[in-house]
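If you're wondering where the values come from, they're calculated on a predicted model, not measured in any experiment.
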Amino acid sequence: MEQNNKECSSSVGGFQVPIKRIIQFSPPLYRQRYNFVKNLVDQHKPKKVADLGCGNALLIQTLKCHSCIELLVGVDINKDKIGSQRCGLSPFFGDYLSPRELNLSIILYHGSAVERDSRLLGFDLITCIELVEHLEPRDLADFPQVVFGYLSPAMIVISTPNSEFNPLFPAVTLRDSDHKFEWNRKQFQTWASDVANLYNYSVEFTGVGEPPAGAGNVGYCTQIGVFRKIGAKATESCIAGQHDEYVYKMVYSISYPSLQQKEVRKYALVNEVSRQVQCLRRGYVISLKILQDDASERLSDSGLITFSGPVFTELEKTNIEKSPKPFSFGNKFYVPLERLFAYPKVNRLCDNVDTMRALIADTMKLNRDGSAVKVDLHDE
């Protein structure tokens, strides 16, 4: 973690007088907060994650690449700001070429963190990054009842400014004009511990944004509490028994392509089979040219099995080598489906050869008995 301290000065009587060092964090402080959450996701593999006070949804953009997450929800009270960079939430072309294994839905809601909405029940992780300091006293009093009591996720992450760090900034009272307060470490830890005890959570304290050398006694610039639900999570039956309360207004929703979707799986399988067939065809043509030029007297399969690129295990190599070999007849090149199924990237997309045949039959040419893919041996 790198910090840059720049001298800030003002003119007094014609002379430049140093006022305070400006602290610049690298990575930026907001990115350090997001990376903290990202690391938690890497560790705990939550399936359903909600970010209260999501703003422009940059944290959601950061988390969408995690393969374990199946539902990402953002909530913010500022309708104009929420998801203002939504283009970063949409699937890219590569998401269709290499679909996720699991489904992923991203939903943004306009609403308040102190409103109850049953669509946020049963989540594994709820994050409140730089949120609580924006709440009015009445909303702050309601916040634990809603988030810890009603929503009651398995884990909650709350970050908030550490006011003890503020004297290191030039002319800072509150870090944002919308902040209603900023806690020191004792105030935050007292509030967090009381809430944790009341709602049956444990809590651990940490932070991001280390102070400069010589100022370590002020603590992290951003203080963080990580709350974990004690005991079993709420069962699905308990969640289902809750009365539906739909308060939030949906402003954005997108679903990502995944291998759970039949058409996406079919598209991915056809692409992978086509790629492998062309790779084998090129290798076969090269081996024929070598034989024709008498450059080699051995008839080998070296042009038909390429183990460069992806790393195969010894078992995978053995399975490929034992499978039926490609062959040609006239100007047609045939790759047995069993051969294709032996490749890991193909067999992960279908359960067996019959399933593969059914998925590719209307897109790719097969031989008469449907046992092999048929393509032209030579390019036109």
Side-chain angles (χ1 to χ4, degrees), residues 37 40-41 44 46-64 66 69-86 89 103-160 178 180 192 195-196 198-201 225-229 232-256:
V37 175
L40 273 183
V41 171
H44 296 280
K47 291 183 178 180
K48 299 171 67 176
V49 179
D51 183 29
L52 303 185
C54 67
N56 56 16
L58 281 178
L59 176 56
I60 292 176
Q61 288 185 39
T62 301
L63 299 180
K64 72 173 188 175
H66 288 264
I69 298 179
E70 298 181 51
L71 177 59
L72 272 172
V73 171
V75 180
D76 202 278
I77 199 170
N78 188 332
K79 188 175 182 180
D80 294 329
K81 186 177 182 182
I82 182 171
S84 55
Q85 301 182 27
R86 295 177 195 172
L89 301 178
N103 290 325
L104 170 64
S105 295
I106 298 176
I107 304 173
L108 301 182
Y109 292 113
H110 175 224
S112 168
V114 296
E115 293 177 310
R116 298 186 178 204
D117 192 299
S118 58
R119 289 170 291 188
L120 265 68
L121 291 172
F123 274 61
D124 303 296
L125 170 64
I126 289 181
T127 60
C128 306
I129 307 301
E130 307 299 281
L131 168 66
V132 294
E133 65 273 9
H134 292 273
L135 299 179
E136 297 285 357
R138 182 175 177 178
D139 288 338
L140 182 63
D142 292 339
F143 175 83
Q145 301 171 21
V146 174
V147 178
F148 289 83
Y150 176 70
L151 299 180
S152 192
M155 184 180 297
I156 301 170
V157 175
I158 296 178
S159 80
T160 191
D178 187 58
K180 306 306 184 288
V195 169
L198 182 61
Y199 292 98
N200 201 33
Y201 280 80
V226 179
F227 302 79
R228 292 180 175 85
K229 187 74 174 177
K233 289 172 54 181
T235 63
E236 292 297 327
S237 59
C238 290
I239 295 170
Q242 297 271 7
H243 294 295
D244 288 340
E245 297 183 67
Y246 295 168
V247 178
Y248 300 152
K249 181 180 179 182
M250 183 188 298
V251 296
Y252 178 81
S253 178
I254 192 73
S255 293
Y256 272 63

A.B. asks: Which atom pairs, one a donor and one an acceptor, fall under 3.5 Å between side chains of residues 131-141 and the rest of the protein, sequence neighbours left out?
C.D. replies:
from	atom 1	to	atom 2	distance (Å)
Glu133	OE1	Thr160	OG1	2.8
His134	ND1	Asp178	OD2	2.6

A.B. asks: Among all residues two or more places apart in sequence or in another chain, which pass the ring pair (Phe, Tyr, Trp, His ring centres under 6.0 Å) test with Phe143?
C.D. replies: none

A.B. asks: Set out, in order, the CA-CA distance, both residues' side-chain angles and the distance that settles side-chain contact (heavy atoms from CB on, under 4.5 Å) for Arg228 and His44, then state yes or no.
C.D. replies: CA-CA 11 Å; Arg228 292 180 175 85; His44 296 280; 3.3 Å; yes

A.B. asks: Ignoring hydrogens and geometry, is there a side-chain-to-backbone donor-acceptor pair from Ser159 to Ile129 under 3.5 Å?
C.D. replies: no

A.B. asks: So which atom in Leu121 and which in Tyr150 form the shortest heavy-atom distance, rounded to 0.1 Å?
C.D. replies: CD2-O, 3.3 Å

A.B. asks: By the definition side-chain contact (heavy atoms from CB on, under 4.5 Å), identify the one residue from Val49, Ile254, Ile106 that meets it with Lys64.
C.D. replies: Ile106

A.B. asks: So which heavy atom on Leu52 is nearest to which on Leu120, and how close?
C.D. replies: CD2-CD2, 3.7 Å

A.B. asks: Please list all pairs meeting side-chain hydrogen bond (donor to acceptor under 3.5 Å, both in side chains) that have one or both residues in residues 51-61, counting only residues at least two apart or in different chains.
C.D. replies: Asp51-Thr127

A.B. asks: Taking the side chain as C-beta and beyond, is there a heavy-atom pair between Tyr246 and Arg119 under 4.5 Å?
C.D. replies: yes

A.B. asks: Would you say that Leu89 contacts Tyr252 through its side chain, given a criterion of any heavy-atom pair below 4.5 Å between the two side chains?
C.D. replies: yes

A.B. asks: Roughly how far, to the nearest 0.5 Å, is NZ of Lys229 from CZ of Phe148?
C.D. replies: 9.5 Å

A.B. asks: If you count the non-hydrogen atoms of other residues, nucleotides and ligands that lie under 6.0 Å from NZ in Lys249, is the total more than 12?
C.D. replies: no

A.B. asks: Check whether Asp124 reaches the backbone of Pro46 with its side chain - one donor and one acceptor, N or O, closer than 3.5 Å.
C.D. replies: no

A.B. asks: Looking at side-chain heavy atoms only, is the closest gap between Pro153 and Phe227 below 4.5 Å?
C.D. replies: no

A.B. asks: From Asn103 CG over to Ser255 OG, what is the distance, rounded to the nearest 0.5 angstrom?
C.D. replies: 7.5 Å

A.B. asks: Which atom pair, heavy atoms only, marks the closest approach of Leu151 to Ile126?
C.D. replies: CD1-CD1, 3.7 Å

A.B. asks: Compare every heavy atom of Gly53 with every heavy atom of Asp76, then report the nearest pair and how far apart it is.
C.D. replies: OD2-C, 3.2 Å

A.B. asks: So how far is it from Ile158 CD1 to Cys128 SG, rounded to the nearest 0.5 Å?
C.D. replies: 5.0 Å

A.B. asks: Which residues satisfy the salt bridge (charged side-chain N to carboxylate O under 4.0 Å, His left out) test with Glu70, sequence neighbours excluded?
C.D. replies: none

A.B. asks: Of all heavy-atom pairs between Leu104 and Leu71, which one has the smallest distance, and what is that distance?
C.D. replies: CD1-N, 4.2 Å

A.B. asks: Could you pull out every donor-acceptor pair under 3.5 Å between side chains of residues 107-116 and any protein atom, sequence neighbours left out?
C.D. replies:
from	atom 1	to	atom 2	distance (Å)
His110	NE2	Ile77	O	3.0
Ser112	OG	Val114	N	3.1
Glu115	OE1	Ser112	N	2.9

A.B. asks: If I take atom CG from residue Leu59 and atom OG1 from residue Thr62, how far apart are they, to the nearest 0.5 angstrom?
C.D. replies: 6.0 Å

A.B. asks: Should Cys54 and Ile82 count as side-chain neighbours, where that means a heavy-atom distance under 4.5 Å?
C.D. replies: yes

A.B. asks: In chain order, what residues pass the side-chain hydrogen bond (donor to acceptor under 3.5 Å, both in side chains) check against Tyr199, with sequence neighbours excluded?
C.D. replies: none

